[in-house]
Amino acid sequence: MTDVARTKRVPRPTEWAGRAALCWAVAYTALGLAGALSGTPLFQLGPDPGPPALGWAVAALGALATATCAAVTRLGPRRPLGAALRALAGLTAIAAFSLLMDVITLMFGQGVDSWPAAANHALAAAGVLLLTATARAGRPPTAGTTTPPPPAAAPRPLQLTACVGTVAFLPYIAMKLNWALGGTFAGMTGAEMRATSERNGVPDLWLTLESWGLDATVLLAALGVFLLWGLVRPWGQVFPRWTTFLRGRRVPRPLPLAPALIGAATLLPYGVLGLGYCALATADVVTIRRGDFPTPEDTLLVAWVGLSAFAVYGVALALAARSYWLRTRPVPGGSAPEAGSPTFGTTGGKPPVVPGS
């Protein structure tokens, strides 16, 4: 008998992404049911836990995602299914709100307000990635080859937006450095602020930085500003000369886009909604808790400074991320050389000169 060679079918990208998204959807449905049936809140509304009944909304969202992902894996990519996946990803992104705040809180060695809510944020963020990947995997492949566009700066209005986002952090940075250097602001001295940090369980590393006159959140703000400018300047697309070993190599798109999207999705609504609450508190429509500060008015002053920075920076980051996404999309063209190879955007084997680097 003649052996018949059998070729093993390679699953389509849609199948891999769809199966992973389906597993996530089942897990997310289970989380929602567990929260609703046990009365465990899966959301935080400020410092207070949200109603446990919102777990049913999580379960319903997971069930819809389960049905949609099952249809994708069985029927393959369809335009209505792709639209449904993108809509579900948008709703899931709302559930992932404040994930960045959870990460920052853990970085400072403090416990999150609610571990079930933090788990909901993390699982929802994973769902956004999986649902989006499944929707994109169903797109028809681009005819021919594609190549990344040459590095270019964002339009001038967006660079001005980045300037505004940077300047918005200056009052926040000044407030934090003032406390770190022992000054007084909003009725709180630097020594009292340090005692509050110790009482809240801040790690020794952060306390050591404060003793040197440097607040750790100022470093995070500096990283955020660095990310913002990387999205609007050419060195955010091709590593510039000062990166030494990476110079001339193409920056992977997810490297700046992933933190930018997470940061914008967290800081923008957090800042805007927080400013709305501050406006209501200023107008005496709602009351604000005193917290660690001497008076509610002091707490409100600090809230205005911090939330204004988050809101303005969040808007600038969202606009810069969108610009970066559009400017770095691969375009149809000839064969694209490997990043870092002698022919990648070079002349004579030398790394490309990035404008503005």
Side-chain angles (χ1 to χ4, degrees), residues 47 98 100-112 159-233 242 256 259-260 262-264 266-268 270-272 274-275 277-278 281-282 288-317 320:
S98 80
L100 181 60
M101 295 303 177
D102 293 337
V103 174
I104 293 176
T105 301
L106 292 174
M107 287 176 59
F108 278 80
Q110 302 177 13
V112 295
Q159 296 193 53
L160 293 177
T161 301
C163 291
V164 174
T166 301
V167 172
F169 260 127
L170 295 182
Y172 177 82
I173 292 174
M175 178 181 69
K176 289 289 190 173
L177 288 180
N178 177 61
W179 278 327
L181 293 172
T184 302
F185 181 77
M188 181 79 76
T189 65
E192 291 171 336
M193 183 60 68
R194 179 181 175 86
T196 300
S197 300
E198 292 176 348
R199 186 170 61 252
N200 292 334
V202 173
D204 293 337
L205 175 60
W206 307 126
L207 296 176
T208 301
L209 290 175
E210 288 185 7
S211 67
W212 295 344
L214 182 61
D215 188 273
T217 56
V218 173
L219 297 179
L220 295 177
L223 288 176
V225 171
F226 178 81
L227 172 63
L228 178 62
W229 283 100
L231 293 170
V232 299
R233 297 300 302 167
W242 48 266
I262 293 174
T266 299
L267 296 178
L268 176 56
Y270 181 81
V272 171
L275 286 181
Y277 188 85
C278 287
T282 302
I288 189 169
R289 295 182 179 182
R290 179 174 64 87
D292 295 320
F293 293 91
T295 66
E297 290 74 20
D298 292 326
T299 302
L300 186 59
L301 174 60
V302 174
W304 273 112
V305 173
L307 293 173
S308 297
F310 296 154
V312 176
Y313 174 81
V315 172
L317 189 63

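What you see is a predicted model, and the numbers here were worked out from it, not measured in a lab.
L170 pairs by the side-chain contact (heavy atoms from CB on, under 4.5 Å) definition with V167, not counting sequence neighbours. For P259, the side-chain contact (heavy atoms from CB on, under 4.5 Å) partners at least two apart in sequence or on another chain are L227. Residues forming a side-chain contact (heavy atoms from CB on, under 4.5 Å) with V164 (at least two apart in sequence, or on another chain): V312. By the side-chain contact (heavy atoms from CB on, under 4.5 Å) test, A316 pairs with T161, L228, sequence neighbours left out. Partners of F226 under the ring pair (Phe, Tyr, Trp, His ring centres under 6.0 Å) rule, at least two apart in sequence or in another chain, are W235.
Nearest heavy atoms, Q159 versus W229: O-CH2, 3.7 Å. Closest of all the heavy-atom pairs between A168 and A309 is O-CB, 3.5 Å.
Atom CG in D298 sits 3.0 Å away from atom OG1 in T295 (nearest 0.5 Å). Distance check, rounded to the nearest 0.5 Å: CZ of F310 to OG1 of T266 gives 11.0 Å. To the nearest 0.5 Å, the span separating CZ on R194 from OG1 on T189 amounts to 12.0 Å. Atom-to-atom distance recorded for F169:CZ and T217:OG1 is 9.0 Å, nearest 0.5 angstrom. To the nearest 0.5 Å, atoms CD1 (I288) and CG (L300) are separated by 5.0 Å. A distance of 11.5 Å separates CG in L307 from OH in Y277, rounded to the nearest 0.5 Å.
Within the 3.5 Å criterion, the main-chain N or O of R290 finds a donor-acceptor partner in the side chain of T299.
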Candidate pair V218 and L177, rule side-chain contact (heavy atoms from CB on, under 4.5 Å), full reasoning = CA-CA 8 Å; V218 173; L177 288 180; 4.0 Å; yes
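Applying the side-chain hydrogen bond (donor to acceptor under 3.5 Å, both in side chains) test to pairs two or more places apart or on separate chains, those with a residue in residues 300-317 are T282-W304.
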Can you give me every donor-acceptor pair (side chain of residues 181-188, partner residue at least two apart or in another chain, under 3.5 Å) with its distance?
none

